[in-house]
Each structure stands twice: as C-alpha cells, then as structure tokens.
Amino acid sequence: MTFSFGWLYRGTHEIFPSGDGKNANENLEQRILQSDRPLRIKMGIDPTGSDIHLGHSIPVRKMRSFQDAGHTAVLIIGDFTARIGDPTGKSEVRKQLTEEQVKLNAQTYLEQVRPILDFDTPGRLEIRYNSEWLAGMDLTKILELLGTMTVGQMIAKEGFNDRYDKGNPIFLHEFLYPLMQGYDSVAIESDVELGGTDQKFNIAVGRDLQRHFGMRPQFGLLMPILIGTDGSQKMSKSLDNYVGLNEDALTMYSKLEKTPDALLENYITLLTQLDYTQLSDNPREQQKILALDVVSQYHGMAAAHQAQADAANLISGSTEADSVPEFSVSTIEFPAKIFFVTSASGLCKTSSDARRQIQGGGVKLNGEKVADPNFLFEKSSDLIGQVLQFGKNKFVRFVP
RNA sequence: GGGUCGAUGCCCGAGUGGUUAAUGGGGGCGGACUGUAAAUCCGCUGGCUACGCCUACGCUAGUUCGAAUCUAGCUCGGCCCA
C-alpha cells in the first residue's frame with residue numbers, strides 16, 4: 001500500500017496526525033483512499049515580498065504531486081494576513097504592508113509558481129484571497145476565535161517563546177496571526193494543509209478551529225525547510241543564500257552548480273524527481289545534474305543546456321556564452337571609468353564596492369583581470385560586445 | 001501611570017570631550033588553492049564618475065575651538081511596581 005504513495009512521502013518530513021497509536025482512525029492514506037471526491041489541499045503564501053525562491057517551492061511541489069494524483073490545490077494568497085506578517089521564526093515584528101504592495105506581490109508570486117503547479121487541468125487549482133473572509137470579520141467573530149486559545153498556548157509557540165525570553169516585544173495583534181491562518185482552513189474546508197516544518201503550530205491551530213466549527217480537521221503535511229546555498233542557514237532572500245524562481249537560467253545554473261556537497265542529496269530529493277541512488281556518486285556530477293534539472297523546470301530544457309554550456313565557457317575564460325545577461329550602454333555617460341561601469345551595470349550595488357573589488361582582483365573584462373579601477377572607456381563603442389565579470393558568477397555583456 | 005536602565009556600522013559589541021569612518025568578533029564579499037565544493041591562507045567590509053568631497057554612533061536643539069562621548073526635550077525598547 002505504502003508503495004503507491006511514494007509521491008506522498010518523497011521528502012516529506014512529517015504528516016500529522018500520523019494514523020498510528022491513539023490516532024489510528026486518522027490516517028491520511030485512508031482518507032485519500034476512502035474519499036469519494038478530490039481532497040482539498042491547502043497552502044498559503046503571504047505576498048510579503050516580490051520574489052520567491054526554491055525554498056518556497058518545496059511545499060508547492062508537493063502540492064503539484066497532489067494535483068497529479070487528482071486532488072484540488074487550494075492556493076491561498078494571504079493578502080490580508082500579509083499585512084500583519086507571520087511572526088513564525090521572526091525575531092522582530094514584521095512591518096506592515098500597504099494594500100497596493102500586497103496586490104502587486106500577489107501577482108508576481110502567481111507568475112513564479114506557474115511552472116510548478118498545474119494551472120490548466122480543470123478542477124485542479126483554486127486561487128483564493130483570504131481578505132475574502134477575513135477583511136469583513138466583525139468583533140464578535142474575532143472574539144470567538146480569540147476565545148479558542150490561551151495565552152499560555154500562544155507563548156509556548158517557538159518564536160514567541162524565544163522573543164519573550166529575550167525580552168523582545170510581542171504585540172497583541174501578532175497573536176491573531178495563527179488564528180487567521182487557521183480560520184483560512186475553516187473557510188476553504190481544507191483536508192490537508194501543506195507547509196514547512198515551522199508551520200506546525202499554525203496548521204495545528206487550523207485543526208482546532210475546524211473542530212470548533214464542527215468540521216472534520218485537516219491533516220498537516222510538513223516539508224523540510226530548505227537550507228540555503230551557504231549550506232548552513234535556511235534559504236532566505238535577506239541572507240542572500242537563495243536561488244530565485246524568476247532568476248535567469250545562467251544565474252540559476254551557476255548558483256546550483258556550486259551547491260555544497262553536504263546538501264546535494266537533500267536538494268536532489270526535494271527539488272527534482274530524480275532517484276538519488278541511481279545517480280553518479282561523484283559530487284561534481286551531481287551538482288551538474290541537479291543544476292540542469294532544476295533550471296529546466298523553470299526555463300525549459302534547451303535554456304538549461306545553454307546555461308550549462310555557457311557556464312563552462314565562462315569559467316574557462318571564454319566569452320562565448322549566449323545566455324549572459326545583456327546590459328545596454330545607453331544609460332551610461334561616456335567617457336566612463338570602469339569602476340563606474342561595474343556598478344552602473346548592476347553587477348554590484350555601489351561604486352565604492354566596485355572600486356574595492358577591482359583592487360582586490362575580483363573583476364574581469366573578457367576573462368582578463370582588471371587592474372586599474374580608473375581604466376577609461378572613451379566612447380560607448382569601446383565597451384559594446386565586452387563581457388564584464390564580477391566575482392565568480394555575475395556576468396554582463398554590453399550591448400548598444 | 002510610577003521607577004529604573006538602555007539605543008553605536010549587516011549582527012553582536014568596545015569606546016565615555018580631541019589627530020582617525022570609529023578597537024574587536026561574527027557574518028558577508030573578493031583573491032590564492034580546489035572539483036565553480038569543503039578546509040586553509042591572504043585582502044576587503046559608509047557613500048560619491050573620487051587622490052578630493054559628503055554623510056554617519058535613536059531624533060531635535062544646546063554647551064564647547066572641538067562631542068558617539070556633556071546638558072535638555074522627544075521617540076522607541078527592556079526590567080520592576082501598579
């Protein structure tokens with residue numbers, strides 16, 4: 001029986017309730033087999049930023065597996081909750097976002113998960129905004145929600161606990177977050193909620209609320225939190241150890257190709273459908289296979305192969321690489337010194353940094369180290385066609 | 001509401017009137033090496049089309065030739081009491 005549920009368990013960290021011991025009557029496999037309708041698989045994303053990365057893709061990929069097994073993915077855009085911010089894992093209060101920002105973010109999020117989910121098969125995907133049921137909630141209802149939990153239960157939650165111990169502030173509205181997320185489960189009548197392991201508390205609150213409102217409680221399916229490309233901390237934009245879903249193929253490939261050895265099995269299991277045991281045990285090969293597979297998921301096989309070839313060329317000093325991002329010189333005023341060009345082209349954030357990196361030997365023009373930060377380009381034609389490299393994997397080709 | 005302590009660069013944390021972008025650590029970035037990994041060693045780690053100029057030690061005024069360091073008010077936070 002378990003065999004046919006391979007898709008359910010691949011990479012999965014935990015399913016609760018587990019269906020053994022005293023929960024014997026609550027077993028997800030049973031529920032799937034016995035249901036006479038597709039299950040409703042919930043996952044929430046809070047549009048708090050503009051980019052999502054491979055870490056976010058983990059539960060989304062699981063959601064796709066459910067879709068392929070015939071179930072309905074209910075993607076909840078947390079347009080309302082985003083304005084409070086999930087306190088999970090946060091050491092500080094989230095800043096609140098405006099309505100416009102949230103709307104915009106929601107759009108770009110949907111674009112980014114499009115390659116992962118089945119958007120086309122009828123009945124397989126529902127997209128809901130939680131402002132639909134949260135925005136108009138009146139105080140009576142809110143009191144009912146608040147009345148289902150105690151301060152002790154809230155304080156026991158990991159993030160709150162730490163912050164309380166450290167003497168950091170916790171605001172009351174943050175207590176509402178788990179309740180709102182939980183109420184989403186009630187509103188959409190979910191059967192299973194997907195999330196990272198850090199979502200256990202919030203998902204469990206969803207179960208409690210569903211029970212409170214006389215519904216059959218959902219299952220929680222927790223996926224591991226993806227470690228970032230630095231190999232130690234969880235993938236996140238603010239730590240800059242992420243691979244963004246909307247990054248170009250070459251950048252994506254270059255980042256994944258340097259995945260730390262210790263992370264390879266983890267990445268391959270979570271980010272691809274490949275069978276790790278069938279792969280070469282040479283880590284260098286595994287890096288390439290991983291990078292190729294993931295890039296092809298988001299950019300197509302052809303672009304992935306192109307990126308692979310280009311990455312190989314660039315590292316050997318050749319500039320024959322079609323997928324190098326292009327940058328128009330039209331925004332640069334000539335004559336221009338190379339340190340200015342380096343920052344103006346977006347390879348680094350500040351011109352001061354560009355200057356330093358040049359002095360440290362980290363900037364190359366057509367594969368040659370740049371020695372003088374004040375090297376001058378008299379006119380735009382001096383620059384067009386050249387490939388500028390910053391560090392190990394940031395490249396730009398200048399075009400008119 | 002009362003009392004008390006605190007606020008320094010990405011983070012932690014020195015510095016308590018004086019040449020200085022401000023000790024140290026972490027993290028990060030870059031270089032060498034390598035497998036575009038790890039480990040190790042070295043350099044960098046406010047901004048600016050830049051051998052000079054500008055902005056910085058919670059905010060705003062003030063004292064002073066001169067303040068991150070002194071004074072006042074304000075803002076935010078911790079703890080104790082209510």
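These numbers come from a predicted model, not from an experiment. So that the names make sense, note that chain A is the first sequence line, chain B the second, and so on, each numbered from 1.
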Counting any heavy atom closer than 4.0 Å, what does A:Glu333 reach on the DNA or RNA strands: base, sugar-phosphate only, or nothing?
->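 The residue A:Glu333 makes base contact.
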Would you indicate what A:Thr350 reaches in the nucleic acid, counting non-hydrogen atoms under 4.0 angstrom: base, sugar-phosphate, or nothing?
->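 Sugar-phosphate only.
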For RNA chain B, what are the stems built from at least three Watson-Crick or G-U pairs in a row, each pair having both distances below 3.5 Å?
->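 Consecutive-pair runs (3 or more) involving RNA chain B: B:1-7 with B:75-81, B:10-12 with B:24-26, B:27-32 with B:40-45, B:46-48 with B:52-54, B:58-62 with B:70-74.
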Do [X] and [Y] get their side chains close enough for a donor-acceptor pair, meaning under 3.5 Å?
X	Y	value
A:Thr148	A:Asp208	no
A:Gln218	A:Asp191	no
A:Arg284	A:Gln287	yes
A:Asp118	A:Thr121	yes
A:Gln286	A:Asn282	no
A:Gln181	A:Glu193	yes

How many Å lie between [atom1] on [X] and [atom2] on [N], as a whole number?
X	N	atom1	atom2	result
A:Asp372	B:rC51	CG	P	12 Å
A:Asn241	B:rC10	CG	P	19 Å
A:Phe340	B:rG47	CZ	P	15 Å
A:Asp353	B:rG47	CG	C1'	11 Å
A:Phe339	B:rU49	CZ	P	6 Å
A:Lys349	B:rC48	NZ	C1'	17 Å

Could you work out the separation of [N] and [M] based on their [atom1] atoms and round it to a whole Å?
N	M	atom1	value
B:rA67	B:rG18	P	12 Å
B:rC12	B:rU20	C1'	23 Å
B:rG9	B:rA82	C1'	39 Å
B:rA72	B:rG6	P	14 Å
B:rG46	B:rU36	P	31 Å
B:rU64	B:rC48	P	37 Å
B:rU23	B:rU69	C1'	16 Å
B:rC10	B:rG58	P	13 Å

Are A:Ser351 and B:rG47 close enough that a side-chain N or O sits under 4.0 Å from OP1 or OP2?
->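 So the side chain of A:Ser351 is outside the cut-off, no N or O lying under 4.0 Å from OP1 or OP2 of B:rG47.
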Does a nitrogen or oxygen in the side chain of A:Arg355 sit under 4.0 Å from OP1 or OP2 of B:rC29?
->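 For A:Arg355, the contact criterion (side-chain N or O under 4.0 Å from OP1 or OP2 of B:rC29) is not met.
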Below 6.0 angstrom between ring centroids: does that apply to A:Phe213 and A:Tyr183?
->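 Yes, they do, as the ring centres are separated by less than 6.0 Å.
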What pairs with A:Phe375 under ring-ring contact (aromatic ring centres under 6.0 Å, His included), at least two apart in sequence or on another chain?
->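 Only A:Phe377 meet the ring-ring contact (aromatic ring centres under 6.0 Å, His included) criterion with A:Phe375.
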Toward the 5' end of RNA chain B, by each residue's nearest nucleotide, A:Asp240 or A:Ile332 |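 The 5'-side residue here is A:Asp240.
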What are the two closest non-hydrogen atoms of A:Ile77 and A:Ala106, and how far apart are they?
->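 Taking every non-hydrogen atom into account, CG2-CB, 3.6 Å.
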Note: A:Glu14-A:Lys200 ion pair, threshold 4.0 Å (strictly below) |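 Judged by the 4.0 Å cut-off on N to carboxylate O distance, A:Glu14 and A:Lys200 do form a salt bridge.
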Annotated protein contacts, base or backbone, on nucleotides 30-42 of chain B with a non-hydrogen cut-off under 4.0 Å, one of B, S, - each | SSS--BBB-----
